[in-house]
Amino acid sequence: MKLAKKVKNNFWLPLTLLKIPSRVNYQVERVQLEPTTRCNLKCIMCGNSDWDREKEDMGIDNFKKIIGEFPYLRFLNLQGPGEPLINLNLPEMVKYAKSKRINVGFNTNATLLTKDISKKLVSSNLDWISISFDGGTAETFEKIRSGAKFEKVIENIRGLVEVKKMSGKDVPKINFAVVGMKENLEELPEIVRLASSLGVKKVEINNLVYDFTGREYVNMKKSLENQSLLKGDIGHAEHIFNDCIRIGKKLRIDVHSPRLTPVNDSCRCLWPWVSTYVTYDGYVTPCCNLADPRDINLGNLFEESFNEIWNSPKLRDFRSRLASNNPPEVCKTCPMFTGISLGILKFWRIWY
(Lines give C-alpha, C1' and ligand atoms only; values in the text may rest on other atoms or scores of the structure.)
Protein backbone atom coordinates (compact mmCIF):
# COMPACT_ATOMS: atom_id res chain seq x y z
CA MET A 1 0.00 0.00 0.00
CA LYS A 2 1.27 3.45 -0.88
CA LEU A 3 2.56 5.60 1.96
CA ALA A 4 0.17 8.41 0.99
CA LYS A 5 -2.85 6.19 1.71
CA LYS A 6 -1.51 5.22 5.12
CA VAL A 7 -0.83 8.85 5.99
CA LYS A 8 -4.33 9.81 4.91
CA ASN A 9 -5.83 7.03 7.02
CA ASN A 10 -3.82 8.14 10.06
CA PHE A 11 -5.18 11.65 9.48
CA TRP A 12 -8.73 10.33 9.90
CA LEU A 13 -8.00 8.56 13.20
CA PRO A 14 -7.84 11.58 15.57
CA LEU A 15 -10.88 13.12 13.86
CA THR A 16 -12.78 9.88 14.39
CA LEU A 17 -11.82 9.67 18.06
CA LEU A 18 -12.69 13.33 18.57
CA LYS A 19 -16.07 13.39 16.85
CA ILE A 20 -17.16 9.72 17.12
CA PRO A 21 -19.41 10.04 14.06
CA SER A 22 -21.85 7.37 12.93
CA ARG A 23 -20.14 7.22 9.54
CA VAL A 24 -16.39 6.53 9.73
CA ASN A 25 -13.83 7.37 7.05
CA TYR A 26 -11.01 5.74 9.01
CA GLN A 27 -10.06 2.30 7.68
CA VAL A 28 -9.63 -0.46 10.25
CA GLU A 29 -6.01 -1.24 11.16
CA ARG A 30 -6.74 -3.44 14.19
CA VAL A 31 -8.77 -6.65 14.05
CA GLN A 32 -9.48 -9.42 16.54
CA LEU A 33 -10.21 -12.74 14.89
CA GLU A 34 -11.16 -16.01 16.56
CA PRO A 35 -9.21 -19.04 15.26
CA THR A 36 -11.40 -21.42 17.24
CA THR A 37 -14.31 -21.64 19.66
CA ARG A 38 -12.95 -24.83 21.26
CA CYS A 39 -11.13 -24.90 24.58
CA ASN A 40 -9.46 -27.62 26.64
CA LEU A 41 -10.07 -25.99 30.06
CA LYS A 42 -13.08 -25.08 32.20
CA CYS A 43 -11.95 -21.90 33.91
CA ILE A 44 -14.32 -20.66 36.59
CA MET A 45 -14.59 -17.18 35.05
CA CYS A 46 -15.26 -18.33 31.48
CA GLY A 47 -18.60 -19.44 30.06
CA ASN A 48 -17.15 -21.37 27.12
CA SER A 49 -17.88 -24.81 28.55
CA ASP A 50 -21.56 -23.89 29.10
CA TRP A 51 -21.90 -22.16 25.75
CA ASP A 52 -24.17 -23.85 23.22
CA ARG A 53 -22.37 -22.29 20.27
CA GLU A 54 -20.71 -24.61 17.75
CA LYS A 55 -17.20 -25.69 18.67
CA GLU A 56 -15.25 -25.20 15.45
CA ASP A 57 -11.90 -24.06 14.05
CA MET A 58 -11.20 -21.55 11.29
CA GLY A 59 -9.65 -23.02 8.15
CA ILE A 60 -6.56 -21.47 6.60
CA ASP A 61 -8.33 -20.57 3.34
CA ASN A 62 -11.09 -18.73 5.19
CA PHE A 63 -8.41 -17.00 7.28
CA LYS A 64 -6.69 -15.69 4.16
CA LYS A 65 -10.02 -14.57 2.70
CA ILE A 66 -10.79 -12.56 5.85
CA ILE A 67 -7.33 -10.99 5.99
CA GLY A 68 -7.87 -9.86 2.39
CA GLU A 69 -10.86 -7.81 3.52
CA PHE A 70 -8.60 -5.48 5.54
CA PRO A 71 -6.03 -3.81 3.25
CA TYR A 72 -4.97 -1.39 6.01
CA LEU A 73 -4.53 -4.12 8.63
CA ARG A 74 -1.48 -3.57 10.88
CA PHE A 75 -2.39 -5.34 14.15
CA LEU A 76 -4.06 -8.76 14.42
CA ASN A 77 -5.15 -10.45 17.64
CA LEU A 78 -5.79 -14.15 16.99
CA GLN A 79 -8.03 -14.64 19.97
CA GLY A 80 -11.61 -15.66 20.64
CA PRO A 81 -13.49 -17.58 23.31
CA GLY A 82 -11.42 -20.72 22.69
CA GLU A 83 -7.79 -21.75 23.08
CA PRO A 84 -5.97 -20.66 19.88
CA LEU A 85 -3.36 -23.44 19.99
CA ILE A 86 -6.11 -26.03 19.54
CA ASN A 87 -6.27 -24.88 15.91
CA LEU A 88 -3.37 -26.66 14.23
CA ASN A 89 -3.37 -23.99 11.52
CA LEU A 90 -2.33 -21.29 13.99
CA PRO A 91 1.43 -21.23 13.17
CA GLU A 92 0.59 -21.01 9.46
CA MET A 93 -1.86 -18.18 10.18
CA VAL A 94 0.85 -16.29 12.02
CA LYS A 95 3.33 -16.87 9.20
CA TYR A 96 0.84 -15.65 6.59
CA ALA A 97 -0.01 -12.52 8.61
CA LYS A 98 3.69 -11.73 9.03
CA SER A 99 4.16 -12.08 5.26
CA LYS A 100 1.68 -9.20 5.01
CA ARG A 101 3.72 -7.14 7.49
CA ILE A 102 1.04 -7.42 10.16
CA ASN A 103 1.85 -7.30 13.88
CA VAL A 104 0.24 -10.47 15.28
CA GLY A 105 -0.21 -12.15 18.64
CA PHE A 106 -2.68 -14.08 20.77
CA ASN A 107 -3.65 -15.09 24.28
CA THR A 108 -3.16 -18.71 25.41
CA ASN A 109 -3.55 -20.86 28.49
CA ALA A 110 -0.14 -22.34 27.54
CA THR A 111 -1.18 -25.94 28.29
CA LEU A 112 -0.53 -26.87 24.64
CA LEU A 113 2.58 -24.73 24.25
CA THR A 114 4.98 -27.59 23.55
CA LYS A 115 8.63 -27.10 22.59
CA ASP A 116 7.75 -27.97 18.99
CA ILE A 117 4.94 -25.39 18.86
CA SER A 118 7.22 -22.80 20.49
CA LYS A 119 9.81 -23.37 17.76
CA LYS A 120 7.18 -22.89 15.05
CA LEU A 121 5.86 -19.71 16.64
CA VAL A 122 9.30 -18.21 17.16
CA SER A 123 10.38 -19.06 13.61
CA SER A 124 7.18 -17.47 12.27
CA ASN A 125 8.19 -14.18 13.96
CA LEU A 126 5.12 -14.00 16.16
CA ASP A 127 5.16 -10.53 17.75
CA TRP A 128 3.59 -11.21 21.14
CA ILE A 129 2.01 -13.92 23.24
CA SER A 130 -0.13 -13.30 26.30
CA ILE A 131 -0.30 -16.17 28.79
CA SER A 132 -3.30 -16.50 31.09
CA PHE A 133 -1.88 -16.93 34.57
CA ASP A 134 -4.26 -16.61 37.51
CA GLY A 135 -2.54 -18.00 40.58
CA GLY A 136 0.71 -17.68 42.46
CA THR A 137 0.41 -21.23 43.83
CA ALA A 138 -0.54 -24.52 42.20
CA GLU A 139 -3.63 -24.84 44.40
CA THR A 140 -5.13 -21.49 43.41
CA PHE A 141 -4.00 -21.69 39.79
CA GLU A 142 -5.55 -25.14 39.24
CA LYS A 143 -8.74 -24.21 41.08
CA ILE A 144 -9.32 -21.22 38.82
CA ARG A 145 -8.05 -22.77 35.59
CA SER A 146 -9.70 -26.16 35.89
CA GLY A 147 -7.93 -28.77 33.78
CA ALA A 148 -4.55 -27.00 33.74
CA LYS A 149 -1.49 -28.14 35.64
CA PHE A 150 0.56 -25.39 37.26
CA GLU A 151 3.95 -27.07 36.88
CA LYS A 152 3.27 -28.07 33.26
CA VAL A 153 2.38 -24.50 32.31
CA ILE A 154 5.52 -23.26 34.06
CA GLU A 155 7.56 -25.84 32.11
CA ASN A 156 5.98 -24.75 28.81
CA ILE A 157 6.72 -21.08 29.51
CA ARG A 158 10.34 -21.91 30.29
CA GLY A 159 10.49 -23.86 27.03
CA LEU A 160 9.25 -20.89 25.03
CA VAL A 161 11.73 -18.55 26.71
CA GLU A 162 14.54 -21.04 25.98
CA VAL A 163 13.56 -21.38 22.31
CA LYS A 164 13.37 -17.62 21.98
CA LYS A 165 16.79 -17.21 23.60
CA MET A 166 18.36 -19.87 21.37
CA SER A 167 16.94 -18.14 18.28
CA GLY A 168 18.50 -14.83 19.26
CA LYS A 169 15.21 -13.04 18.60
CA ASP A 170 13.48 -10.36 20.66
CA VAL A 171 10.04 -11.71 19.74
CA PRO A 172 7.58 -12.89 20.70
CA LYS A 173 7.17 -10.52 23.62
CA ILE A 174 5.76 -12.56 26.50
CA ASN A 175 3.36 -11.25 29.10
CA PHE A 176 1.02 -12.57 31.77
CA ALA A 177 -2.70 -11.81 31.58
CA VAL A 178 -4.24 -12.10 35.06
CA VAL A 179 -7.91 -11.98 35.98
CA GLY A 180 -7.97 -10.29 39.35
CA MET A 181 -10.57 -11.73 41.77
CA LYS A 182 -10.96 -12.46 45.45
CA GLU A 183 -9.73 -16.01 44.89
CA ASN A 184 -6.27 -14.85 43.80
CA LEU A 185 -6.01 -11.28 45.14
CA GLU A 186 -3.46 -12.07 47.86
CA GLU A 187 -1.31 -14.00 45.37
CA LEU A 188 -1.01 -11.23 42.77
CA PRO A 189 2.40 -10.08 44.11
CA GLU A 190 3.67 -13.65 43.86
CA ILE A 191 2.51 -13.80 40.22
CA VAL A 192 4.67 -10.75 39.50
CA ARG A 193 7.64 -12.46 41.14
CA LEU A 194 6.97 -15.63 39.14
CA ALA A 195 6.90 -13.59 35.95
CA SER A 196 10.31 -12.21 36.78
CA SER A 197 11.75 -15.66 37.51
CA LEU A 198 10.48 -16.93 34.14
CA GLY A 199 11.75 -14.02 32.07
CA VAL A 200 8.29 -12.53 31.49
CA LYS A 201 8.52 -8.74 31.36
CA LYS A 202 4.89 -7.63 31.55
CA VAL A 203 1.94 -8.45 33.83
CA GLU A 204 -1.53 -7.20 32.91
CA ILE A 205 -4.10 -7.50 35.72
CA ASN A 206 -7.71 -7.26 34.58
CA ASN A 207 -11.05 -7.10 36.35
CA LEU A 208 -13.27 -10.15 36.48
CA VAL A 209 -16.07 -9.73 33.94
CA TYR A 210 -19.30 -11.65 34.47
CA ASP A 211 -22.20 -9.23 34.02
CA PHE A 212 -22.70 -9.17 30.25
CA THR A 213 -26.04 -9.93 28.65
CA GLY A 214 -24.49 -12.46 26.24
CA ARG A 215 -25.88 -15.98 26.54
CA GLU A 216 -22.50 -17.49 27.54
CA TYR A 217 -22.60 -15.41 30.75
CA VAL A 218 -26.11 -16.34 31.88
CA ASN A 219 -25.03 -19.19 34.16
CA MET A 220 -21.96 -17.36 35.47
CA LYS A 221 -23.36 -14.23 37.07
CA LYS A 222 -24.51 -15.64 40.40
CA SER A 223 -21.48 -17.85 40.92
CA LEU A 224 -18.94 -15.13 40.10
CA GLU A 225 -20.58 -11.99 41.42
CA ASN A 226 -19.07 -12.42 44.88
CA GLN A 227 -15.61 -13.02 43.36
CA SER A 228 -15.51 -9.53 41.85
CA LEU A 229 -13.05 -7.10 43.43
CA LEU A 230 -15.58 -4.37 42.68
CA LYS A 231 -17.82 -5.86 45.38
CA GLY A 232 -15.16 -6.20 48.07
CA ASP A 233 -12.76 -4.01 49.98
CA ILE A 234 -11.63 -1.78 47.11
CA GLY A 235 -9.06 -0.03 49.29
CA HIS A 236 -7.38 -3.34 50.13
CA ALA A 237 -7.42 -4.44 46.48
CA GLU A 238 -5.82 -1.16 45.42
CA HIS A 239 -3.17 -1.66 48.12
CA ILE A 240 -2.36 -5.07 46.61
CA PHE A 241 -2.22 -3.53 43.14
CA ASN A 242 0.20 -0.88 44.34
CA ASP A 243 2.31 -3.58 45.95
CA CYS A 244 2.43 -5.40 42.60
CA ILE A 245 3.52 -2.23 40.84
CA ARG A 246 6.20 -1.59 43.46
CA ILE A 247 7.54 -5.14 43.12
CA GLY A 248 7.38 -4.82 39.34
CA LYS A 249 9.53 -1.68 39.37
CA LYS A 250 12.08 -3.41 41.57
CA LEU A 251 12.20 -6.45 39.28
CA ARG A 252 11.88 -4.42 36.07
CA ILE A 253 8.48 -5.89 35.27
CA ASP A 254 5.87 -3.69 33.57
CA VAL A 255 2.76 -4.11 35.75
CA HIS A 256 -0.67 -2.73 34.85
CA SER A 257 -3.67 -2.90 37.19
CA PRO A 258 -7.36 -2.26 36.50
CA ARG A 259 -9.52 0.61 37.60
CA LEU A 260 -11.92 -0.29 40.43
CA THR A 261 -14.01 2.88 40.39
CA PRO A 262 -15.76 4.31 37.30
CA VAL A 263 -14.92 7.61 35.65
CA ASN A 264 -17.16 9.98 33.75
CA ASP A 265 -15.59 9.74 30.31
CA SER A 266 -17.92 10.29 27.39
CA CYS A 267 -18.22 7.33 25.03
CA ARG A 268 -15.51 5.37 26.77
CA CYS A 269 -15.76 2.45 24.35
CA LEU A 270 -14.28 3.10 20.89
CA TRP A 271 -14.26 -0.39 19.39
CA PRO A 272 -16.96 0.19 16.73
CA TRP A 273 -15.11 3.27 15.44
CA VAL A 274 -11.57 1.92 15.14
CA SER A 275 -11.64 -1.88 15.21
CA THR A 276 -13.78 -4.97 14.80
CA TYR A 277 -14.17 -8.61 15.80
CA VAL A 278 -14.56 -11.49 13.33
CA THR A 279 -15.78 -14.97 14.24
CA TYR A 280 -14.34 -18.22 12.87
CA ASP A 281 -17.24 -18.43 10.41
CA GLY A 282 -16.94 -14.85 9.14
CA TYR A 283 -19.47 -12.91 11.20
CA VAL A 284 -18.53 -9.35 12.12
CA THR A 285 -19.48 -8.19 15.62
CA PRO A 286 -18.82 -4.84 17.36
CA CYS A 287 -16.17 -6.12 19.77
CA CYS A 288 -14.58 -9.12 21.51
CA ASN A 289 -17.10 -8.98 24.36
CA LEU A 290 -19.85 -9.70 21.84
CA ALA A 291 -18.34 -12.81 20.32
CA ASP A 292 -21.61 -14.70 19.77
CA PRO A 293 -23.15 -13.62 16.43
CA ARG A 294 -26.54 -14.85 17.67
CA ASP A 295 -26.55 -11.98 20.17
CA ILE A 296 -25.56 -9.40 17.59
CA ASN A 297 -23.82 -9.43 14.23
CA LEU A 298 -23.30 -6.79 11.57
CA GLY A 299 -22.86 -9.05 8.56
CA ASN A 300 -20.78 -11.93 7.25
CA LEU A 301 -17.53 -11.53 5.31
CA PHE A 302 -18.28 -14.61 3.24
CA GLU A 303 -21.45 -12.93 1.99
CA GLU A 304 -20.48 -9.25 1.71
CA SER A 305 -17.37 -7.10 1.87
CA PHE A 306 -16.14 -5.42 5.02
CA ASN A 307 -16.45 -2.04 3.30
CA GLU A 308 -20.18 -2.68 2.97
CA ILE A 309 -20.44 -3.63 6.64
CA TRP A 310 -18.23 -0.87 8.08
CA ASN A 311 -20.65 1.96 7.31
CA SER A 312 -23.83 -0.04 6.94
CA PRO A 313 -27.05 1.39 8.44
CA LYS A 314 -26.93 -1.30 11.13
CA LEU A 315 -23.43 -0.39 12.33
CA ARG A 316 -24.06 3.35 12.03
CA ASP A 317 -27.13 2.97 14.23
CA PHE A 318 -25.12 0.93 16.74
CA ARG A 319 -22.46 3.67 16.91
CA SER A 320 -25.06 6.39 17.38
CA ARG A 321 -26.70 4.55 20.25
CA LEU A 322 -23.38 3.70 21.90
CA ALA A 323 -22.39 7.39 21.82
CA SER A 324 -25.67 8.36 23.49
CA ASN A 325 -26.92 8.01 27.05
CA ASN A 326 -29.04 5.06 25.94
CA PRO A 327 -26.55 2.50 24.54
CA PRO A 328 -27.45 -0.88 23.05
CA GLU A 329 -28.68 -3.31 25.70
CA VAL A 330 -25.68 -5.58 25.14
CA CYS A 331 -23.32 -2.72 26.11
CA LYS A 332 -24.95 -1.37 29.27
CA THR A 333 -23.07 -3.59 31.73
CA CYS A 334 -19.76 -3.69 29.83
CA PRO A 335 -16.76 -2.33 31.80
CA MET A 336 -15.75 -0.24 28.79
CA PHE A 337 -19.07 1.61 28.87
CA THR A 338 -19.44 1.88 32.63
CA GLY A 339 -15.95 3.39 32.90
CA ILE A 340 -14.23 0.59 34.82
CA SER A 341 -11.86 -0.32 31.99
CA LEU A 342 -9.05 2.01 30.98
CA GLY A 343 -10.76 3.24 27.83
CA ILE A 344 -8.65 4.05 24.80
CA LEU A 345 -5.35 3.69 26.67
CA LYS A 346 -6.27 0.12 27.56
CA PHE A 347 -7.46 -0.53 24.01
CA TRP A 348 -4.15 0.47 22.42
CA ARG A 349 -2.05 -1.24 25.07
CA ILE A 350 -3.36 -4.77 24.42
CA TRP A 351 -1.96 -4.62 20.90
CA TYR A 352 1.56 -3.74 22.01
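Throughout, numbering of the chain's residues begins at 1 and tracks the sequence. Note: hydrogens, waters and symmetry copies are ignored here, and every other heavy atom, side chains too, is used.
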#### Entry: Stepwise salt bridge (Lys or Arg N to Asp or Glu O under 4.0 Å) test for Lys332 and Glu329
CA-CA 6 Å; Lys332 288 182 178 179; Glu329 191 66 30; 3.3 Å; yes
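- A distance-only check finds no donor-acceptor pair linking the side chain of Asn297 to the backbone of Tyr283 [under 3.5 Å].
- Figure legend: cation-pi geometry between Arg319 and Trp310, with NZ or CZ positioned under 6.0 Å from the six-membered ring centre and within 45° of its axis.
- Side chains of Trp128 and Asn103 form a contact here, defined as non-hydrogen atoms less than 4.5 Å apart.
- At least one donor-acceptor pair under 3.5 Å links the side chain of Glu34 to the backbone N or O of Tyr280.
- Side-chain atoms of Ser275 come within 3.5 Å of backbone N or O of Arg30 as a donor-acceptor pair.
- Note on residues 111-122: pairs passing salt bridge (Lys or Arg N to Asp or Glu O under 4.0 Å), not counting sequence neighbours, are Lys115-Glu162, Asp116-Lys120.
- Applying the ring-ring contact (aromatic ring centres under 6.0 Å, His included) rule to pairs touching residues 151-185 yields Phe133-Phe176, sequence neighbours excluded.
- There is a side-chain donor-acceptor pair under 3.5 Å between Asn109 and Asn40.
- Here the side chain of Lys164 pairs no donor or acceptor atom with the backbone of Val122 at under 3.5 angstrom.
- Listed by first and then second residue, the salt bridge (Lys or Arg N to Asp or Glu O under 4.0 Å) pairs involving residues 302-318 are Asp317-Arg321 (not counting sequence neighbours).
- Side chain to side chain, Asp281 and Thr279 meet the donor-acceptor criterion of an N or O pair below 3.5 Å.
- In terms of modelled atom types and a separation under 3.5 Å, the side chain of Thr37 and the main chain of Gly82 share no donor-acceptor contact.
- Looking only at distances, no side-chain donor or acceptor of Asn207 sits under 3.5 Å from a matching main-chain atom of Ser228.
- Inter-residue side-chain proximity for Tyr277 and Val284 is flagged as unmet; no heavy-atom pair is nearer than 4.5 Å.
- Sequence neighbours left out, the pairs with a member in residues 181-194 that pass salt bridge (Lys or Arg N to Asp or Glu O under 4.0 Å) are Lys143-Glu183, Glu190-Arg193.
- At least one donor-acceptor pair under 3.5 Å links the side chain of Asn184 to the backbone N or O of Val179.
- Formation of a donor-acceptor pair under 3.5 Å by the Thr285 side chain with backbone atoms of Ala291 is not found in this model.
- Note on residues 74-92: pairs passing salt bridge (Lys or Arg N to Asp or Glu O under 4.0 Å), not counting sequence neighbours, are Glu29-Arg74.
- Contact annotation: the side chain of Ile117 never approaches that of Leu112 to less than 4.5 Å [non-hydrogen atoms, C-beta and beyond].
- With hydrogens and angles disregarded, no donor-acceptor distance shorter than 3.5 Å links the side chain of Gln79 to the backbone of Pro84.
- Hydrophobic clustering of Ile, Leu, Val, Met, Phe, Trp and Tyr side chains at less than 4.5 Å, counting indirect connections, unites Phe11 with Leu73.
- Side-chain contact between Phe63 and Pro35 is absent, with no heavy atoms from C-beta onward closer than 4.5 Å.
- Residues satisfying the side chain to side chain donor-acceptor pair (under 3.5 Å) criterion with Asn107, sequence neighbours excluded, are Ser130, Ser132.
- Of the possible donor and acceptor atoms, none in the side chain of Gln27 sits under 3.5 Å from a partner among the backbone N and O of Tyr72.
- Looking at heavy atoms from C-beta onward, Phe70 lies in side-chain contact with Val278 at the 4.5 angstrom threshold.
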